[in-house]
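As the structure is a computational prediction, the values presented were derived from the model and not from experiment.
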Amino acid sequence: MATITVQDIAQQIVDGNTDNLVNGTLFRGIRGVQSKIDLVESPHTLDVLTRCIKEDRTSNSALRAIAQAAANTDGPCAAIRSEGVCVTIASVPGLLDSVVQRLETDVDAVRLVNNLVANSLKSAELFVQVEGSVHALKASTKKFRLHSFGVINHLSRCPVASEALLKHNFVEEILYPALEVVDQNLTVEDEATIARGTLALANLAGTTANCCPTANRFALKTIVKVLDHAVRGERLATITWLPPAVLFGLRNMTLNPENNVALLECGIAPMLAKLIDGWVLETGDATLELSVESIRHLSTQHHCVQPLWDAGIVRALQMVIEGARGESEIARKEAAALVEVLMERHVAVCMGQNRRLGGDSSLMLLDDAVVYKILQFSFGTPSGSQGPFHL
């Protein structure tokens, strides 16, 4: 018996048979990014699903199916194709209007918006242009906080959408109250909500050291945990975390020196090194450029330089400079400037060992092997280990 495809189910729905929509067959058939592309490219399917959202019998099933199509469950390598899928969905006439009507009563409506705006800034712009959308989102935070805070975080990365959130007092009325009290005995869903709220606050409260708020240590530790899951492509609190959604807020948070010390103590440097090491062109320029910019902010404080070096940041940046993976010119230039900053002390020591420049240095009196060990103690190694002697 031939396996029924997403296109087959889509055609059935277009023809008026919604059984495989209601019983979840369509939802279960939408998995890899190609199946999502097949769905949104099937003629008239999204128009029919838009009408299904308005009908009680098919509303939730349609919302779940479209939300699944909008979700990037394939990870960073599918970022560009997922963005195309989301723009196609959000551009369907009347679809977002229908979804907004369900935001306060159906969590899958909130999930759908979250997935759209997570993968596409254009979708974020289209969402806030729908009449009543921001008000409905604000109301949804009372019942569906985890997913609504995801929407807020993603919208805060879009200039047009962030203006709408600020206009409707999301910082004062939604984010600050939610982040005031942090209990150590929280569920993983609570942790994810705090991470999303903290990142959104960093985006909305400002992008300079003078107004980007200082986050509490628990929130910063949670953000590092979230980024770790994003790097490894693992879900946390049922959420597939994508690096740009975390890095955008992190980039703003690193403008605040007080955040930087805590972030480094919580292990942000190895995460950034691993993210840059594993970058591929399909991941998109934003992931790489935001990572490099975050490192630049961290490196402005002298006491933060050594942890970056120990984590392998220099080696990772040198890969970016080479440009063999298709890195953007912006990222390559920024990486080159950073490597100079991070290696300033090493260059200074080497100059001190030069017979002409450092002729009077006490280092010149030591045996080469002893000097080598001293340098290892002083600077570590680019890979973050203590070198071949395991000192």
Side-chain angles (χ1 to χ4, degrees), residues 24 27 30 36 46 49-50 52-56 58-73 82 85-87 89-90 92 94-158 161-162 164-165 168 170 173-175 177-179 187-201 203-204 226 235-242 245-246:
F27 172 80
I30 304 170
K36 300 168 185 180
L46 290 176
L49 287 174
T50 298
C52 289
I53 294 174
K54 300 176 182 179
E55 301 175 9
D56 290 339
T58 55
S59 178
N60 180 258
S61 300
L63 288 169
R64 289 185 70 216
I66 302 173
Q68 182 68 6
N72 180 358
T73 54
S82 293
V85 169
C86 290
V87 171
I89 293 172
V92 174
L95 188 147
L96 286 177
D97 298 80
S98 300
V99 174
V100 166
Q101 297 302 315
R102 301 280 182 173
L103 277 181
E104 297 180 49
T105 57
D106 195 327
V107 67
D108 285 301
V110 185
R111 286 182 58 247
L112 170 52
V113 176
N114 177 75
N115 294 345
L116 289 173
V117 300
N119 295 301
S120 163
L121 293 182
K122 177 63 176 178
S123 297
E125 291 183 12
L126 293 173
F127 172 75
V128 296
Q129 290 171 8
V130 175
E131 184 177 356
S133 59
V134 180
H135 175 77
L137 173 62
K138 198 172 188 179
S140 73
T141 61
K142 299 176 182 178
K143 191 175 181 181
F144 309 121
R145 177 167 288 193
L146 172 63
H147 295 294
S148 62
F149 269 49
V151 176
I152 295 169
N153 178 36
H154 299 311
L155 290 178
S156 70
R157 296 186 288 131
C158 170
S162 63
L165 295 179
H168 286 78
F170 269 68
E173 298 177 12
I174 302 297
L175 296 178
L179 298 173
T187 65
V188 67
E189 288 77 14
D190 291 331
E191 289 183 352
T193 301
I194 288 172
R196 285 174 155 178
T198 303
L199 291 168
L201 186 60
N203 296 336
L204 293 173
V226 164
R235 302 183 109 198
L236 179 67
T238 74
I239 301 166
T240 300
W241 298 83
L242 298 176
V246 184

* Please name the residue in the list Val151, Ile174, Val100 that meets the side-chain contact (heavy atoms from CB on, under 4.5 Å) test with Leu137. => Val151
* **Interatomic distance, Asn119 atom CG to Ser82 atom OG [nearest 0.5 angstrom]** => 5.0 Å
* Check: Ser120 side chain, Leu116 main-chain N or O, donor-acceptor pair, under 3.5 Å -> no
* Do Arg235 side-chain atoms and Thr73 backbone N/O form a donor-acceptor pair below 3.5 Å? -> no
* To do: Quick one: closest heavy-atom pair of Cys158 and Glu125, and the distance?
  => SG-CG, 3.5 Å
* What are the two closest heavy atoms between Leu204 and Ser162, and how far apart are they? -> CD2-CB, 3.6 Å
* Nearest atoms (heavy-atom pairs only) where Ala90 meets Leu96 -> O-CD1, 3.7 Å
* **Contact summary for Val110 and Ser148, nearest pair of heavy atoms** => CG1-N, 3.6 Å
* Side chain proximity check, Thr187 to Asp190, heavy atoms < 4.5 angstrom -> yes
* Once you round to the nearest 0.5 Å, how far does CG of Leu121 lie from CG of Leu126? -> 11.0 Å
* **Atom of Val117, atom of Arg157 and distance for their closest heavy-atom approach** => O-NH2, 3.6 Å
* Can you list the steps and then say if Ile239 with Asn114 is a side-chain contact (heavy atoms from CB on, under 4.5 Å)? -> CA-CA 11 Å; Ile239 301 166; Asn114 177 75; 5.7 Å; no
With a cut-off of 3.5 Å and sequence neighbours excluded, list every side-chain donor-acceptor pair involving residues 192-199.
unit_1 : atom_1 : unit_2 : atom_2 : d
Thr193 : OG1    : Glu189 : O      : 2.9
Arg196 : NH1    : Leu146 : O      : 2.7
Thr198 : OG1    : Ile194 : O      : 2.8

* Please report the closest heavy-atom contact between Ala71 and Asn115, naming both atoms and the distance. => CB-ND2, 3.5 Å
* Any pair counted as side-chain hydrogen bond (donor to acceptor under 3.5 Å, both in side chains), so long as it reaches residues 127-136, sequence neighbours left out -> none
* Mind checking the OG-NE2 spacing from Ser140 to His147? Nearest 0.5 Å is all I need. => 11.0 Å
* Heavy-atom side-chain contact between Val99 and Phe127 under 4.5 Å -> no
* Interatomic distance, Asn203 atom CG to Asn153 atom CG [nearest 0.5 angstrom] -> 6.0 Å
* **Residue pair Leu95 / Ile66, side-chain heavy-atom distance below 4.5 Å** => yes
* Asked: Hey, is the main chain of His168 close enough, under 3.5 Å, to the side chain of Lys138 for a donor-acceptor pair?
  -> yes
* Asked: How about Asn72 and Thr240: do any of their side-chain heavy atoms sit closer than 4.5 Å?
  -> no
* Spacing of Leu49 atom CG and Ser61 atom OG [to the nearest 0.5 Å] -> 10.0 Å
* To do: If a pair satisfies side-chain hydrogen bond (donor to acceptor under 3.5 Å, both in side chains) and one of its residues is in residues 94-108, list it, with sequence neighbours excluded.
  => Asp56-Arg102, Ser59-Arg102, Asn60-Asp106, Asn60-Asp108, Asp108-Arg111
